[in-house]
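Quick note on labels: first sequence line is chain A, next is B, and so on, each numbered from 1. Computation of the quantities below employed the complete heavy-atom set of this structure, encompassing side-chain atoms and omitting hydrogens, waters and symmetry-equivalent molecules. Predicted model, so just to flag it, every value in this text is computed and none were measured.
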There are 2 protein chains.
Amino acid sequence: MAELTPVPDYDDALRSACSKCNLRELCLPSGLSNEELDQLDSLIRVRRFYRKGEHAYRAGDPFDSLYAVRAGFFKTNLLNEDGRDQVTGFHMAGELMGLDGISTDQHPCDAVALEDSELCVIPFSRLEELSREAPSLQRHLHKIMSREIVSDQSVMMLLGSMRAEERLAAFLLNLSQRMTARGYSPSEFYLRMTREEIGSYLGLKLETVSRVFSRFQNEALIAVQQKHIRILDIPKLRTIVGQSC
Amino acid sequence: MAELTPVPDYDDALRSACSKCNLRELCLPSGLSNEELDQLDSLIRVRRFYRKGEHAYRAGDPFDSLYAVRAGFFKTNLLNEDGRDQVTGFHMAGELMGLDGISTDQHPCDAVALEDSELCVIPFSRLEELSREAPSLQRHLHKIMSREIVSDQSVMMLLGSMRAEERLAAFLLNLSQRMTARGYSPSEFYLRMTREEIGSYLGLKLETVSRVFSRFQNEALIAVQQKHIRILDIPKLRTIVGQSC
DNA sequence: CGCGCTGTTGAAACTTGTCAAAGTTTGTGG
DNA sequence: CCACAAACTTTGACAAGTTTCAACAGCGCG
């Protein structure tokens, strides 16, 4: 199981506070005043470490906290009554998981670490309390939830109207853009997920994912070597995404 | 353009208040105390009527209100930069539209009346104010937003892993269930949208939608006559949805 | 060092899309 | 109220894209 680490015990207590976190501009604290930041610090007391393959939560677990990815990489996947299994998202540093659990007080999906990772645990009732006193936090929370709705809708658009090549191109560009926002290279990264997980997320079979990667490589759009990806021609990928209109 | 109707001018002012609305158990007021209901009433002052085809808002319009469907039927659709157009949802009485606008302070999609309809306008800043004072309203708002995330994810699942027949079966069952929740027949209703709009929502071409309806009809699962649908065999539709696992 | 998981590639089958034509309904203007 | 046009629906034949099944290669973990 994941270890529990109360913040004060941590090596460098400063770096663990939201106010000092280098992800604060991407994450929940974005746009808060110093005072609000201090209150947020007092709320987020626990971080947990997960080894690759460990679950942060499972479908059916009671919901009481949101989880902010502090380091590492997660997938969430939904397991339907009828046994269908689909990856609903990939989550990197600074992103929030668990918003889908609020509606039923249960997590509807599993969250699995795809590499060794670290999460900040955000007790939701206390976050609600705090956001009743801090309008800008309240608004920010609403914006984060709304952003999740918007991004799910753009996945719906992708799944509903794009062909395999367009989906993969959009997927790579999305990853690239999120890496850039975190200060990493926009054109070179390791995929932490398998072809099957990519396929599941994009509504494709793993063989199709593999074939499209090979095709992109032949056309010198990317260089793939297993999980290592270099994007060679971002503009061309963009034209592929916007193609079929 | 849509007419503006301040509530006091309305024929029967009582029926227009949330506290007296027959949709209150489905809509925003669900689960509130009487006192909170009164406050909500004071906030929702304007309703608007829309003729079939009219827009409640368009992509790019500034966001400042949520809209609750009081009567009628709406679709929302997203128009991508690259000209792709996709229906992202159908909305019936008691359902909230516009949550996706919070994140950017602009509506990302169009909302169009598919029949003559009526919306309650809910000024979002005032709703936030009120929810700072009424924890149960706050929680309820969060649940509604979360429910939207969950339902978008189940559409992702549908688009990502179901074949045409399963999608249509799931779609019909979903409509049936929502009709039932509103006190209508679970098995007989009018579709307010075209085959093309259904297809757009489900990631299919209109011809495919039409063919699957015909197939269902031949198999005596439904009886279709243009927009009039009777569902004849709900259990069998259910088995179709849960088939491919 | 080998076994298992992951990834690649090929050929055939299947599903859905495309194009086309004709039928039906709806709405508008005379 | 009727006639006509426009929009929507149905159906068929064919094409294209994706999946399925299968075989094999490579990498990584125990």
So, do A:Met145 and B:Ser146 sit near enough that their side-chain heavy atoms are less than 4.5 Å apart?
->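 They are in contact (side-chain heavy atoms under 4.5 Å apart), so the answer is yes.
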
Side-chain polar contacts of residues 222-237 of chain A - donor-acceptor pairs under 3.5 angstrom, sequence neighbours left out - could you list them?
residue  : atom : partner  : partner atom : Å
A:His228 : NE2  : A:Glu188 : OE2          : 2.9
A:Asp233 : OD1  : A:Lys236 : N            : 3.1

Could you give the start and end, 5' to 3', of the contact zone on DNA chain C for chain A, using atoms under 4.0 Å from its heavy atoms?
-> C:dT6 to C:dA11

Bend of the helix from C:dC1-D:dG30 to C:dG30-D:dC1 from end-axis comparison, five pairs per end, nearest 10°, comes to 50°

Kindly write out the residues that satisfy salt bridge (Lys or Arg N to Asp or Glu O under 4.0 Å) with B:Arg24, not counting sequence neighbours, or none if the list is empty.
->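 Once residues adjacent in sequence are excluded, B:Arg24 has no partner under the salt bridge (Lys or Arg N to Asp or Glu O under 4.0 Å) criterion.
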
Protein-nucleotide distance ([X], atom [atom1]; [N], atom [atom2]), rounded to Å:
X        : N      : atom1 : atom2 : answer
B:Asn218 : D:dT10 : CG    : C1'   : 12 Å
B:Leu168 : D:dT10 : CG    : P     : 11 Å
A:Arg163 : D:dT19 : CZ    : C1'   : 16 Å
A:Met162 : D:dG17 : CE    : P     : 16 Å

Whether B:Gln153 side chain and A:Thr88 backbone form a donor-acceptor pair below 3.5 Å =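 No, because the side chain of B:Gln153 does not come within donor-acceptor range (under 3.5 Å) of the backbone of A:Thr88.
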
B:Gly242 backbone acceptor or donor facing B:Glu166 side chain under 3.5 Å | no

Distance, nearest 0.5 Å, that separates CG of B:Leu206 from OG of B:Ser210 |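 So the CG of B:Leu206 and the OG of B:Ser210 are separated by 7.5 Å.
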
Between OH of B:Tyr190 and CZ of B:Arg192, what distance do you get to the nearest 0.5 Å?
->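 Separation between the atoms: 8.5 Å.
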
Between B:Met193 and A:Glu165, whichever has its closest DNA chain D nucleotide further toward 5' is B:Met193

What donor-acceptor contacts under 3.5 angstrom involve side-chain atoms of residues 89-103 of chain A, with partners at least two apart or in another chain?
residue : atom : partner  : partner atom : Å
A:His91 : NE2  : A:Thr76  : OG1          : 2.9
A:Glu95 : OE1  : A:Met92  : N            : 2.8
A:Glu95 : OE1  : A:Arg178 : NH2          : 3.0
A:Glu95 : OE2  : A:Arg178 : NE           : 3.1
A:Glu95 : OE2  : A:Arg178 : NH2          : 3.4
A:Glu95 : OE2  : A:Arg182 : NH2          : 3.4

Sole residue of B:Leu204, B:Val155, B:Val212 in side-chain contact (heavy atoms from CB on, under 4.5 Å) with B:Arg167 |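 Only one of B:Leu204, B:Val155, B:Val212 forms a side-chain contact (heavy atoms from CB on, under 4.5 Å) with B:Arg167, namely B:Leu204.
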
Using only heavy-atom distances, determine whether the side chains of A:Asp85 and A:Asn80 contain a donor-acceptor pair under 3.5 Å.
->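 Side-chain D/A pair, A:Asp85 to A:Asn80: absent.
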
For DNA chain C, what residues of residues 201-217 of chain A have any heavy atom nearer than 4.0 Å?
-> A:Leu206, A:Glu207, A:Ser210, A:Arg211, A:Ser214

Of B:Gln226 and A:Lys227, the one whose closest nucleotide on DNA chain C sits nearer the 5' end is A:Lys227

Please step through ring-ring contact (aromatic ring centres under 6.0 Å, His included) for the pair A:Tyr57 and A:Tyr67, ending with a clear verdict.
-> CA-CA 10 Å; A:Tyr57 52 80; A:Tyr67 299 87; 5.5 Å; yes

